[in-house]
Amino acid sequence: MLNMIWSGKIIFAFLLILCFNSCSDIATNNQERIVIKPPVANCDIIPKPEYISADPGFFQLNSSVVIVVDDRFSTIQELNNEVEDLQNFAKNKLGFELEQNSKLSNNPTIFLSIIPYGLLADEAHKIRIDSNILTIEAMHPSGVARGLASFKQLALLNEFEANYFIPNVNITDTPEFQHRGLLLDCSRHFFSKEVILKYIDLLALYKMNVLHWHLTEDQGWRLAIDKHPKLTEVGAFRTEMDGSEYGGYYTKEDIKEIVAYATKKHIEIIPEIELPGHSQAAIAAYPYLSCTGNRVDVANDWGVFKEIYCAGNDSVFIFLEDVLTEVIELFPSKYIHIGGDEAPKVRWEECEKCQQRILDNNLKDEHELQSYFIKRIQTFLNSKGKQIIGWDEILEGGLADGAIVQSWRGMEGGKEAVKNGNQAIMSPTSHAYFDYDLKAIDLEKVYSFNPIPKGLTNAEEGLIIGGECNMWTEHVPDEKTLDSKVFPRILAMSEVLWSASDVKQKNYTEFNKRLQKHYTILDNYNVHYGEESVPMTYFLKPSQPGPYMTLYPYDSTIQLKYKLECESCDTNFIDYKKTFRISGNFHTKSPTL
Ligand code: ACM
Ligand code: ZN
């Protein structure tokens, strides 16, 4: 067996050069209270702001700084969440308290301001920093919150011996897309409340604004529903192949706490309640929901399962309306994601009730029956003031007015939706599936994503409201693995969706240089980030008495070391310089990294 490691030391050398160039020199400062001169300023915010310029000097962030909320155009209370968030950040990440004052004084001040003019989008904001006062202004609290995300990054990027020197910058920033999401599948594997709260913090830090929370599946039903308690008593637990029990669910109290936390951070949580497919856990709890009524177990392997909700049985719709009524009470979002993907029709083809429904409603086939199913649920949700989002299969058999299509089997579904006048969210398997490994979707591939496909009119382009990265968790059993899949790729997605998505305005090399310093920030947030790409590829040339092996690092900054594992082999790593021969009894299938 061959083992290899790579080192990123040279990447670090590049980083320092970049820091110096990207911000102006701030080594001079007219504030006497400054005793330490930071070496260089770093303005490498991700996602990249629309406009940023730097002046000499910096704002020193420490416990003498006070927070003041501008009360000219809003009440002070309107920004209570943002003040609290800032205070928590200072306490938990920087290690000191920040006081709030009611009026401006000579103290160095962070001034948060709601203004009634000048910025259009909800999350748009301006930041002005001139040594003694750091102003963040926006027309809405969500804009102030996004400005605070840039502020937090600037603080952490400019830490020097536990001092924080925020460079004097001017920023004007606004998002390109209104919907910037992460789908998190908590059904295939369950993630604790603490993990969800950590992800909400990280989404906010990188200006993502949607947590699409996948809560029901064949392998587990994860939210408590009072009227149907077996959904969690039975549906939240499965017996694994090895006989062990696996499961868990969120109580209503958990969900309320998570939603309240997200709301304070201006992150919208959109729950996904899958129907008519991916519903075996619910059917395990209540077998009458299926066409056969037969008892099934909560699934313990992966794939697409044929037990789905019966479309001919009115009790199924009564059940789903009960469930959705409780879901609506928990989630304030105007959207409910109803799934709609991967629903095999074999049970419907064999079911008398389903066939009768097709006849009674003059439907052509089971695809139109799926459309009937979705439209019936949509009518119910619309009557409660909610709009539906569904995977692109909801196009089959006729798309309901007002439904938002989430395009995953490529871009075509989204394209068809907007041509039909519906809105679309783009998360194609080609760029947005973070469960795929780095061979298929590496950081650069994510960065190259453009949610706007070719061949649309301006009006149609405007119906593409944004994109999501999809984090399915069949092979993600724990938080560490989850982090390594999501990070750093989500930083590329955040820049695609917040900053320019058009390839002409993007520069991967420049983004990648900015990214390097963010690993310290991710460490600070306890993120077990993964690699940016497959660190190396290799080539084996057959030969006697053993093959020649050539290693190709992903880029020239990566230094490869290897060691051969055999009884008589050297146990130390060897610097890779050139092609080498593996002689002797070579029997590995492939090298392991
Ligand atoms: C999906 O990946 N089945 C939406
Ligand atoms: Zn049926």
Side-chain angles (χ1 to χ4, degrees), residues 181-185 187-188 212-219 270 272-280 282-283 286-294 296 299 302-320 337-361 363 365-370 372-374 376 388-396 404-414 417 424-436 440-441 467-476 485:
L182 167 70
L183 171 145
L184 188 53
D185 170 9
S187 295
R188 267 56 174 266
H212 168 176
W213 202 5
H214 189 79
L215 286 166
T216 71
E217 256 306 335
D218 301 304
Q219 295 85 1
I270 300 178
E272 181 176 352
I273 308 299
E274 271 267 17
L275 52 90
H278 289 290
S279 44
Q280 191 166 311
I283 292 168
Y286 296 104
Y288 76 88
L289 297 170
S290 74
C291 289
T292 65
N294 293 342
V296 291
W302 319 122
V304 173
F305 295 84
K306 55 179 185 269
E307 302 306 334
I308 68 174
Y309 293 125
C310 177
N313 182 350
D314 281 336
S315 308
V316 170
F317 290 95
I318 292 168
F319 163 84
L320 287 171
H337 202 301
I338 51 76
D341 62 319
E342 298 179 321
K345 307 295 185 300
V346 300
R347 293 291 188 232
W348 288 1
E349 283 161 12
E350 294 159 358
C351 170
E352 261 175 43
K353 286 192 190 129
C354 286
Q355 292 305 315
Q356 191 61 44
R357 182 83 78 197
I358 289 177
L359 283 178
D360 292 349
N361 291 275
L363 305 174
D365 56 18
E366 287 73 22
H367 291 295
E368 287 200 0
L369 184 57
Q370 156 125 348
Y372 165 91
F373 200 116
I374 302 289
R376 188 160 163 178
I388 67 160
I389 305 175
W391 299 108
D392 56 44
E393 284 93 331
I394 67 169
L395 285 154
E396 293 161 14
I404 299 177
V405 171
Q406 182 159 5
S407 196
W408 71 280
R409 298 173 300 176
M411 304 287 273
E412 283 309 307
I425 296 162
M426 295 302 203
S427 59
T429 48
S430 57
H431 293 78
Y433 269 50
F434 285 10
D435 52 329
Y436 290 12
I441 301 182
E468 289 185 10
C469 27
N470 290 350
M471 189 60 249
W472 301 108
T473 60
E474 285 93 333
H475 306 289
V476 181
K485 294 259 178 200

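All residue numbers refer to positions in the sequence shown, counting from 1. Just so you know, ligand 1 is whichever comes first in the structure, and atom 1 is the first atom listed for that ligand. Keep in mind the model is a prediction, meaning the values are calculated, not measured.
Ligand-side atoms of ligand 1 in range of Tyr433: 1 (C), 2 (O), 4 (C), range being under 4.0 angstrom from any heavy atom. Atoms of ligand 1 found under 4.0 Å from any heavy atom of Trp472, numbered from 1 in the order shown, are 1 (C), 2 (O), 4 (C).
In this structure a side-chain-to-backbone donor-acceptor pair under 3.5 Å is missing from Asn470 to Leu183. Between the side chain of Arg357 and the backbone N or O of Ala311, at least one donor-acceptor pair lies under 3.5 Å.
Of the polar atoms of Trp408, none of the N or O atoms is found under 3.5 Å from an N or O of ligand 1, judged by distance alone.
Taking 4.0 Å as the cut-off between side-chain N and carboxylate O, Lys353 and Asp314 do not count as a salt-bridged pair.
Nearby protein atoms of type N, O or S around the Zn ion (ligand 2) amount to 4 (distance under 2.8 Å).
In summary, the side chains of Trp408 and Glu468 do not present any donor paired with an acceptor at a separation below 3.5 Å, with no hydrogens or angles considered.
Atom 3 (N) of ligand 1 has Asp341 OD2, 2.7 Å as its closest protein atom, hydrogens excluded (heavy atom only).
For Trp213, the ring pair (Phe, Tyr, Trp, His ring centres under 6.0 Å) criterion is met by Tyr250, not counting sequence neighbours.
Ring to ring, Trp391 and His212 are close: their centroids are under 6.0 angstrom apart.
The two residues Pro276 and Ile374 make their nearest non-hydrogen contact at CD-CD1, 4.3 Å.
Only the side chain of Glu342 comes within 4.0 Å of ligand 1, judged by heavy-atom distances.
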After noting the C-alpha distance and the side-chain angles of Gln406 and Ser427, does the key distance pass the side chain to side chain contact (heavy atoms under 4.5 Å, CB included) rule?
-> CA-CA 7 Å; Gln406 182 159 5; Ser427 59; 3.0 Å; yes

